[in-house]
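For reference, the structure discussed in these notes is given below.
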Amino acid sequence: MSKREDDASTIPETIVDRNNGFSYIRRRFFGKGGFAKCYELEKVGSGVIYAGKIVSKTLLMKENQKEKMAQEIHIHRSLEHRNIVKFYTYFEDTHNVYVLLELCRRRSMMELHKRRKALTEPEVRYFMKQLLEGVSYLHDLKIIHRDLKLGNLFLNDHLEVKIGDFGLAAKIEYSGQRKKTVCGTPNYIAPEILTKKGHSFEVDVWSIGCILYTLLVGRPPFETSSLRETYNRIKKCEFSIPSHISENAAAMVHSMLMPDPLQRPSVKQLLRSDFMTIGYCPRDLPPSILTTAPRFD
Ligand SMILES: COc1cc(C(=O)NC2CCN(C)CC2)ccc1Nc1cc2c(cn1)c(C)nn2-c1cc(Cl)cc(-c2ccccc2C(N)=O)c1
């Protein structure tokens with residue numbers, strides 16, 4: 001019999017953190033990503049609600065999987081920024097590892113994209129400003145995320161962007177270091193990772209360029225019917241920008257999707273780009289934009 005996606009056979013209805021005696025009621029199943037299942041967890045007593053990422057230890061038998069999970073926790077627990085998902089705590093029991101994270105009730109930008117497709121340029125400026133500020137904070141700490149994608153950009157009740165899922169993140173240990181491998185497959189993967197030329201902060205700029213293109217155009221820049229063909233287009237930097245996209249927006253996309261990583265602007269330079277600084281940028285957005293384009297009269 002096939003297991004249900006939200007199979008919770010080894011996840012107790014009440015989860016106890018044996019380090020401090022706090023317990024959490026397992027509520028709604030939100031979905032899964034990689035090895036993890038995500039549930040709404042309610043802290044007994046306070047009623048505070050978290051997004052609980054739960055990983056079965058049966059999936060952490062191999063040393064490299066244990067190390068990957070430990071690295072994700074080590075990096076994420078050290079972060080504190082309004083555009084980074086807050087890491088509250090983690091603990092384990094016989095069967096699982098539990099990570100308690102900031103709940104983002106408006107889910108992720110992937111759901112927004114699926115519903116709206118292309119956004120207006122002021123909305124794109126609004127989301128890009130927060131994404132760039134969050135990644136600028138990471139890069140200042142010498143951390144590369146390496147898997148920036150719409151599904152990892154969560155939205156809270158105020159539609160503030162919260163970067164999550166540090167499962168592929170890495171720390172640049174010394175100036176000029178180029179990472180040679182990444183254990184996993186980034187969604188918006190940069191050409192230098194595919195060609196194994198060594199990579200660093202510029203891969204996040206590439207991924208943000210793919211996100212920018214997707215928000216402006218309504219579909220990803222290198223999308224094809226086969227992964228092999230998509231990878232070929234990425235390696236050849238083969239993409240086109242529809243003519244209705246503004247000059248400043250197109251120029252920003254082109255600068256971020258340069259084949260040579262050293263030609264790409266830094267995140268800080270992007271925050272000062274013409275597209276980001278010329279043109280209306282709303283201070284906040286109403287929840288109605290999750291389903292309908294706003295009018296900025
Ligand atoms: C009310 O808050 C949420 C509701 C829902 C929701 O209603 N999902 C529905 C999907 C369709 N099915 C049929 C019913 C449930 C999803 C995410 C929420 N919030 C949330 C999730 C979070 C975080 C913060 N907030 C953090 C931090 N991480 N995750 C997280 C973790 C993992 Cl393991 C998976 C996923 C995940 C769930 C589904 C799709 C995609 C993803 C994804 N982005 O990976 C998300």
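Because the structure is a prediction, the values reported are computed rather than measured. What you see below is based on every heavy atom in this structure, not just the backbone, and it leaves out hydrogens, waters and symmetry mates. Just so you know, ligand 1 is whichever comes first in the structure, and atom 1 is the first atom listed for that ligand. Residues: numbered from 1 along the sequence shown.
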- [ ] Could you tell me whether atom 19 (N) of ligand 1 has at least one protein heavy atom nearer than 4.0 Å?
- [x] yes
Open item on the list: Under 4.0 Å from atom 45 (C) of ligand 1, is there at least one protein heavy atom?
Closed with: yes
- [ ] Measure the shortest side-chain to side-chain distance between L79 and I163 over non-hydrogen atoms and say whether it is less than 4.5 angstrom.
- [x] no
Task: G33 neighbourhood, listing ligand 1 atoms whose heavy-atom distance to it stays under 4.0 Å - done: 33 (Cl), 34 (C)
Open item on the list: Heavy-atom pairs closer than 4.0 Å: do any link ligand 1 to the side chain of K162, the backbone, both, or neither?
Closed with: neither
Open item on the list: Can you tell me if E102 contacts ligand 1 (heavy atom of the residue under 4.0 Å from the ligand)?
Closed with: yes
Task: Beyond-backbone contact of T10 with T58, side-chain heavy atoms, under 4.5 angstrom - done: no
- [ ] Compare all side-chain heavy atoms of H199 with those of K197 and state whether any distance is below 4.5 angstrom.
- [x] no
Task: For atom 6 (C) of ligand 1, the protein heavy atom that lies nearest, with its residue and separation - done: R107 NE, 3.4 Å
Open item on the list: What I want to check is whether the side chains of R219 and Y213 have a donor and an acceptor closer together than 3.5 Å.
Closed with: yes
Task: Shortest protein contact, atom 42 (C) of ligand 1 (heavy atom only) - done: G151 O, 3.8 Å
Task: Aromatic centroids of H76 and Y88 separated by under 6.0 Å - done: no
- [ ] Pick one of side chain, backbone, both or neither for how R28 approaches ligand 1, counting any non-hydrogen atom pair under 4.0 Å.
- [x] side chain
Task: Parallel, tilted or perpendicular: rings of Y24 and Y50 (30°, 60°) - done: perpendicular
Task: Near-ring test W206/F222, centroid separation under 6.0 angstrom - done: yes
- [ ] Identify, by atom number and element, the atoms of ligand 1 in contact range of R105, meaning under 4.0 Å from any of its heavy atoms.
- [x] 1 (C), 2 (O)
TODO: May I ask you to check whether F29 has an N/O atom sitting below 3.5 Å from an N/O atom of ligand 1?
DONE: no
Open item on the list: Any atom of ligand 1 sitting under 4.0 Å from a heavy atom of M110?
Closed with: no
Open item on the list: Could you identify the single nearest non-hydrogen protein atom to atom 37 (C) of ligand 1 and state the distance to 0.1 Å?
Closed with: F30 O, 3.4 Å
Task: Side-chain heavy-atom pair N96, S56 within 4.5 angstrom cut-off - done: yes
Open item on the list: Starting from atom 41 (C) of ligand 1, what is the nearest protein heavy atom, named by residue and atom, and what distance separates them?
Closed with: K32 O, 4.5 Å
Would you tabulate the side-chain donor-acceptor contacts of residues 267-276 under 3.5 Å, counting partners in other chains and residues two or more places apart, or write 'none'?
unit_1, atom_1, unit_2, atom_2, d
K268, NZ, S136, OG, 2.9
K268, NZ, D140, OD1, 2.7
K268, NZ, D140, OD2, 3.0
Q269, OE1, S266, N, 2.7
Q269, OE1, S266, OG, 3.4
S273, OG, L270, O, 2.8
S273, OG, M276, N, 3.4

Task: Nearest option to atom 31 (C) of ligand 1, as decided by whichever heavy atom of A36, C104, G31, C38 sits closest - done: C38
Task: Salt bridge present between R178 and E192 (N-O < 4.0 angstrom) - done: no
TODO: Using a 4.0 Å heavy-atom cut-off, say whether F154 meets ligand 1 through its side chain, its backbone, both or neither.
DONE: side chain
Task: Residues which pass side-chain contact (heavy atoms from CB on, under 4.5 Å) with R82, listed by chain and number, not counting sequence neighbours - done: E133
Open item on the list: With a 4.5 Å cut-off on side-chain heavy atoms, are V85 and F87 touching?
Closed with: no
Task: ligand 1 contacted by G164 (non-hydrogen, < 4.0 Å) - done: no
- [ ] Identify the protein heavy atom lying closest to atom 39 (C) of ligand 1, giving its residue, its atom name and the separation to 0.1 Å.
- [x] E111 OE2, 4.0 Å
Open item on the list: Within ligand 1, which atoms have a heavy atom of L101 less than 4.0 Å away?
Closed with: 27 (C)
Task: For atom 27 (C) of ligand 1, closest protein heavy-atom neighbour - done: V85 CG1, 3.5 Å
